[in-house]
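Side-chain atoms are counted along with the backbone in the values below, which use heavy atoms only and exclude waters and symmetry mates.
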Amino acid sequence: MTVEAPALPSAPAVPYGRLIPVTVHFDDLDALGLLHNARYPLLVERAWTELWHEHGIRFDGDWVAAGDACNAVRELRIGYEAPVTSPGRYAVHLWLERLGTTGLTYGFRFCSADGAETYARGTRVLVRLDATTLRPAPWSDGFRAVARELLRPAD
């Protein structure tokens with residue numbers, strides 16, 4: 001007899017970008033029982049890592065082999081809109097605002113699992129680096145193809 005695990009619910013559709021499920025654990029909360037402000041960027045980073053892993057973009061300890069995963073944060077901006085007051089399932093809505101030759105700006109929302117309620121939002125600028133010189137380097141064609149699918153439509 002085989003027992004199949006119940007399927008996890010898929011993330012709700014968003015009009016652009018992707019909604020990636022994340023989990024807030026009890027130890028992510030601060031002394032007041034709120035999600036600690038430093039945990040938001042960490043959870044966003046984990047969501048991006050999951051998304052890029054789906055496309056074979058990862059860092060496994062070798063900077064030269066890392067390709068497009070060899071990048072650095074140039075800027076991070078985040079605004080907190082409502083407190084997260086309990087552990088549980090949430091989501092991070094991810095998209096690209098701008099895709100340049102060597103850099104990109106992505107947007108994010110930390111939100112309820114269905115994407116309806118926003119707790120925090122922000123942007124982060126990344127620069128692709130050459131693993132040898134640590135100078136800006138162009139994104140690969142494969143990366144750019146995936147990234148274009150995440151671009152937010154112009155308003």
In Å and rounded to the nearest 0.5 Å, what is the CG to CZ distance from Leu126 to Arg74? 11.5 Å
Identify whether Val125 and Leu151 are in the same connected component of the hydrophobic contact network (ILVMFWY, side-chain heavy atoms under 4.5 Å). no
Test side-chain hydrogen bond (donor to acceptor under 3.5 Å, both in side chains) on Thr118 and Arg109; report intermediate values, then the result. CA-CA 6 Å; Thr118 300; Arg109 284 187 317 119; 2.6 Å; yes
For Cys70 and Ala131, the nearest pair of non-hydrogen atoms, with its separation, is SG-CA, 3.9 Å
For the residue pair Ser112 and Ala91, what are the closest heavy atoms and their distance? O-CB, 3.7 Å
Does Trp139 use its side chain to pair, donor to acceptor, with the backbone of Gly103 at less than 3.5 Å? yes
To the nearest 0.5 Å, atom OG1 of Thr123 lies from atom CG of Leu96 at 12.0 Å
For the rings on Tyr106 and Trp48, is their centre-to-centre separation under 6.0 Å? yes
Return all side-chain donor-acceptor pairs below 3.5 angstrom for residues 19-32, not counting sequence neighbours, or 'none' if the list is empty.
| from | atom 1 | to | atom 2 | distance (Å) |
| --- | --- | --- | --- | --- |
| Asp28 | OD1 | Arg39 | NE | 3.3 |
| Asp28 | OD2 | His25 | N | 2.7 |
| Asp30 | OD1 | Leu32 | N | 2.9 |
| Asp30 | OD1 | Gly33 | N | 3.2 |
| Asp30 | OD1 | Leu34 | N | 3.0 |

Check the orientation of Tyr16 and His93. Use parallel for under 30°, tilted for 30 to 60°, and perpendicular for over 60°. tilted
Between Arg144 and Glu149 (salt bridge meaning N to carboxylate O under 4.0 Å), is one present in this structure? no
Which heavy atom of Asn71 sits nearest to which heavy atom of Arg128, and what is that distance? CB-CA, 4.0 Å
Quick one: which residue pairs count as a salt bridge (charged side-chain N to carboxylate O under 4.0 Å, His left out) with a foot in residues 131-143, not counting sequence neighbours? none
Find the distance between CD (Glu81) and CZ (Phe110) and round it off to the nearest 0.5 Å. 12.5 Å
Smallest heavy-atom separation, Pro41 atom then Asn37 atom, equals CD-O, 3.4 Å
Quick test of your reading of the model: are Arg124 and Glu75 salt-bridged, counting only N-O distances below 4.0 Å? no
To the nearest 0.5 angstrom, please state how far the CG atom of Asp130 sits from the OG1 atom of Thr102. 11.5 Å
Ile57 backbone acceptor or donor facing His55 side chain under 3.5 Å: no
Working to the nearest 0.5 angstrom, can you tell me the gap between Glu117 CD and Tyr90 OH? 8.5 Å
How long is the straight-line distance from CZ of Arg58 back to CG of Asp68, given to the nearest 0.5 Å? 13.5 Å
State whether the side chain of Arg152 and the backbone N or O of Gly107 hold a donor-acceptor pair below 3.5 Å, judged by distance alone. no
When you group the ILVMFWY residues by side-chain heavy-atom contacts below 4.5 Å and let the links chain together, are Leu99 and Leu51 in the same group? yes
Please answer whether the main-chain N or O of Tyr119 pairs with a side-chain N or O of Tyr80 as donor and acceptor at a distance below 3.5 Å. no
For Leu129 and Ala137, which heavy atoms make the closest approach, and how far apart are they? C-CB, 3.9 Å
Hey, quick one: are Phe108 and Leu42 part of the same hydrophobic cluster, counting side-chain heavy atoms closer than 4.5 Å, chains of contacts allowed? no
Return yes if a side-chain donor-acceptor contact under 3.5 Å exists between Trp52 and Glu54, otherwise no. no
Report the C-alpha separation of Trp95 and Val14 in whole Å, then their side-chain angles, then the decisive distance to 0.1 Å, and conclude whether the side chain to side chain contact (heavy atoms under 4.5 Å, CB included) test is met. CA-CA 10 Å; Trp95 66 89; Val14 287; over 6 Å; no
